[in-house]
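Start at 1 with the first residue, then count along the sequence.
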Amino acid sequence: MAQKNRLQYIVLGLLNIESRTGYDLTKAFDSDIGEFWSANHSQIYPLLKKMEQENLISHHEVQVGTKLVKKSYDIMSDGKKVFNAWLEEPSEIDSSHDEFILKLYFIDDKKSELLEKMVAEQLSARSDKLEHLNQQMRDKFPDQDKRQTQYGHYCVLKHAISRETDYIEWLKTI
């Protein structure tokens, strides 16, 4: 099965929420979207150009300060159709790219010092990640109103917290 350009759908989804510059889109991957998907500006900017050529998005110029002019992108009707069609498709299940799991597979001895070190490192990293996610939840969704107005984002963050919590509990059994 051919790989979908999921990044295109993420960009369309973000632009469906509000107009954004390329910089704004890149920053979304440093915070909210970055909790479950990664992309960098070298992927985003060429994609914006391609999507604009395909009439999925358009841009308008925004004056910033006295000299700087930025392109702010908007989703067009064809882009909304493509985005909504993607939302309605069944989601594909991907295999995880968890390097720790891959390495764990090759550990032969339960009493291995390497295993103990690997698990300790993972526990620390996953605990830090869980604290970050919990802080995001406190900051972004302090009350029921915020949870309702951004319900999908709230659900994704809640899932990420559950995932990390379960991963930590599993690590403690190794």
Side-chain angles (χ1 to χ4, degrees), residues 1-99 126 128-167:
M1 180 180 293
Q3 176 92 14
K4 292 186 217 176
N5 184 355
R6 292 186 185 113
L7 181 56
Q8 169 182 287
Y9 300 118
I10 295 169
V11 169
L12 288 171
L14 289 169
L15 295 178
N16 198 43
I17 295 168
E18 65 184 353
S19 179
R20 297 174 193 240
T21 65
Y23 178 79
D24 295 334
L25 290 165
T26 301
K27 284 300 178 196
F29 285 93
D30 292 340
S31 59
D32 303 338
I33 301 296
E35 300 299 345
F36 58 91
W37 201 268
S38 64
N40 54 48
H41 85 286
S42 66
Q43 294 171 288
I44 293 171
Y45 285 95
L47 180 61
L48 289 171
K49 184 176 182 177
K50 178 179 178 274
M51 291 170 65
E52 195 162 18
Q53 291 169 346
E54 294 172 352
N55 294 316
L56 300 175
I57 63 173
S58 63
H59 79 271
H60 62 277
E61 293 184 345
V62 178
Q63 183 82 31
V64 181
T66 57
K67 294 184 180 182
L68 183 61
V69 176
K70 291 185 176 186
K71 288 182 180 179
S72 187
Y73 294 89
D74 301 287
I75 191 168
M76 295 177 67
S77 61
D78 284 352
K80 287 184 184 211
K81 287 176 191 170
V82 167
F83 177 68
N84 288 328
W86 172 72
L87 284 178
E88 292 175 14
E89 290 176 7
S91 296
E92 295 177 16
I93 298 179
D94 289 23
S95 58
S96 176
H97 299 292
D98 185 339
E99 190 176 32
R126 296 290 178 157
D128 290 348
K129 178 75 172 177
L130 180 59
E131 179 50 39
H132 169 76
L133 292 169
N134 282 322
Q135 186 62 50
Q136 290 285 314
M137 182 65 83
R138 288 188 293 273
D139 293 346
K140 293 179 188 290
F141 302 104
D143 55 48
Q144 194 64 27
D145 288 342
K146 275 288 201 188
R147 293 176 188 156
Q148 290 303 315
T149 59
Q150 297 177 345
Y151 188 68
H153 184 176
Y154 167 74
C155 288
V156 169
L157 188 53
K158 189 174 168 184
H159 169 70
I161 290 169
S162 293
R163 179 192 65 226
E164 292 305 318
T165 301
D166 290 346
Y167 204 110

Closest non-hydrogen atom pair between W37 and R6, with its separation: CH2-CD, 3.6 Å

CG on L133 to CZ on R126, rounded to 0.5 Å: 10.0 Å

Nearest atoms (heavy-atom pairs only) where A39 meets L7: CB-CD1, 3.7 Å

Minimum heavy-atom distance V62-S72, with the two atoms named: CG2-CB, 3.6 Å

Separation between OH of Y23 and CG of L25, rounded to the nearest 0.5 Å: 12.0 Å

Parallel, tilted or perpendicular: rings of Y9 and W86 (30°, 60°): parallel

Exam field: side chain Q8 to backbone M51, donor-acceptor pair closer than 3.5 Å: no

Reported NE2-to-OH distance for the pair H159 and Y154, which is rounded to 0.5 angstrom: 14.0 Å

Sidechain-backbone polar pair: N16 side chain, L12 backbone, donor-acceptor under 3.5 Å: no

Residue pair L15 / I57: nearest heavy atoms and the distance that separates them: CD1-CG2, 3.6 Å

Any donor-acceptor pair under 3.5 Å from E52 side chain to N55 backbone: no

Spacing of M76 atom CE and L56 atom CG [to the nearest 0.5 Å]: 8.5 Å

Where K67 and Q63 come nearest, the two heavy atoms and their spacing: N-NE2, 3.7 Å

Mutual orientation of the aromatic rings belonging to Y45 and H41 [parallel < 30°, tilted 30-60°, perpendicular > 60°]: perpendicular

NE2-NZ distance between H153 and K158, expressed to the nearest 0.5 angstrom: 14.0 Å

Expected output: side-chain S19 to main-chain Y73 donor-acceptor under 3.5 Å: yes

Point-to-point distance, once rounded to the nearest 0.5 Å, from CG of N134 to OG1 of T165: 6.5 Å

Heavy-atom pair with the smallest gap, counting every atom of Q43 and P46: O-CD, 3.6 Å

Lys/Arg-Asp/Glu bridge criterion (N-O < 4.0 Å) met for K27, D24: no

